[in-house]
Amino acid sequence: MSKTIKKVGVMTSGGDSPGMNAAIRSVVRTCAYHKIECLGIYRGYEGMIEGDFIELDARSVKGIINKGGTILKSARSKDFRTKEGRAKAHEQLQKAGIEALVIVGGDGSFTGAMIFNEEYNFPVMGIPGTIDNDIVGTTHTLGYDTALNTVVEAIDKIRDTASSHNRLFFVEVMGRDVGHIALNAGVGAGAEEILIPEENLGLDRLLESLRRSKQSGKSSSIVVVAEGDKIGKNVFQLKDYVEENMEEYEVRVSVLGHMQRGGSPSCFDRVLASRMGVRAVEGLLKGESNYMVGLKNDIIDVTPFAQAVKGKTQINKELMRVSDIMTV
Ligand code: F6P
């Protein structure tokens with residue numbers, strides 16, 4: 001393994017996700033294993049511009065593999081979008097002797113990394129960290145599995161009260177532009193209907209499906225709605241619409257919100273983070289740059305940033321069909 005890099009910077013950027021700490025731990029320990037230094041960068045690109053760095057060694061990341069959030073904090077930086085901001089960031093990295101970067105974040109963070117790489121030819125590798133699972137080049141982003149389990153647990157609880165009162169619940173889950181959480185957690189929690197941005201089934205179809213549910217003897221129902229759904233109404237408007245059109249239903253709304261981003265990472269996310277961290281650092285040491293590490297058919301592989309940020313993930317059609325069959 002060629003080893004010209006002596007110091008790596010690691011940071012978390014964009015919306016946080018469970019597993020980010022496990023990724024930081026993995027990057028730091030892989031650096032220690034290869035006897036190179038590692039600096040943590042606080043608050044993503046914001047901290048990079050300000051030179052807010054901390055030395056990290058193998059022991060300083062003890063006890064964090066099981067922790068949600070990120071010990072390095074996270075932020076979205078407006079300044080890094082400017083040439084001046086990136087120049088300051090580059091100056092700070094040089095001052096601290098950082099020669100390569102591992103960035104844990106989403107597509108916005110990778111777009112920033114790509115521009116930075118173009119301008120300064122700075123070696124950088126990415127680890128996809130977002131609960132939305134909306135990045136091309138990996139079947140799973142860090143935190144997605146944990147978020148699914150959190151959502152399923154929450155819906156199970158909502159179902160208890162829904163069935164006690166014979167109510168219909170609209171449960172809004174995260175997914176600004178994509179329906180991966182809604183579809184997978186919806187199937188996992190046995191939702192009667194799942195509304196996702198990728199497929200606008202229309203309001204008539206929703207009413208028809210709810211009527212069918214009632215007729216088939218169901219006394220309560222759960223409809224999972226992705227926050228970016230394109231049906232034209234938000235969850236509260238959907239509640240009003242259904243109550244106006246179907247007197248037989250008493251409807252309630254539950255918006256799960258940011259609790260979906262917190263919590264101790266699942267075993268899957270911890271293992272994935274550990275694997276991705278090793279691959280990212282060893283990629284840098286091999287001279288790779290401008291790639292995102294991802295999971296493909298259970299193999300850790302890399303995808304150029306340009307592909308990862310431009311592509312659009314596809315919704316699992318087979319799972320949509322499974323959902324339809326399950327709600328017969
Ligand atoms: O992490 C991704 C995401 O959860 C989206 O689904 C959601 O729209 C967004 O973050 C909200 O993030 P914030 O409140 O940090 O802007």
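When a ligand or atom number is given, it counts from 1 through the structure's own listing order.
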Original post:
Under 4.0 Å between a Lys/Arg side-chain N and an Asp/Glu carboxylate O for Lys88 and Glu84?
Top reply: no
Original post:
Does an N or O from Glu227, backbone or side chain, lie closer than 3.5 Å to an N or O of ligand 1?
Top reply: yes
Subject >> Per-atom contacts, ligand 1 versus Arg176 - under 4.0 Å to a heavy atom >> reply: 6 (O), 8 (O)
Subject >> Carboxylate-amine/guanidinium contact Arg279 Glu288, below 4.0 Å >> reply: yes
Subject >> Sidechain N-carboxylate O distance under 4.0 Å for Lys317, Glu199 >> reply: yes
Original post:
Which pair of non-hydrogen atoms, one from Ala58 and one from Ala32, has the smallest distance, and what is that distance?
Top reply: CB-CB, 4.0 Å
Original post:
When you measure from atom 11 (C) of ligand 1 to every protein heavy atom, which one gives the shortest distance, and what is it?
Top reply: Arg261 NH1, 3.6 Å
Original post:
His258 near ligand 1, heavy-atom distance under 4.0 Å?
Top reply: yes
**OP:** Could you list the atoms of ligand 1 found under 4.0 angstrom from a heavy atom of Gly175?
**Re:** 6 (O)
Original post:
Which residue owns the protein heavy atom closest to atom 2 (C) of ligand 1, what's the atom, and how far is it?
Top reply: Asp132 OD2, 3.1 Å
Original post:
Purely on distance, is any nitrogen or oxygen of Gly15 under 3.5 Å from one on ligand 1?
Top reply: no
Original post:
Are Phe170 and Phe236 close enough that their ring centers fall under 6.0 Å?
Top reply: no
Subject >> Within-4.5 Å side-chain heavy-atom neighbours: Met174 and Leu256 >> reply: no
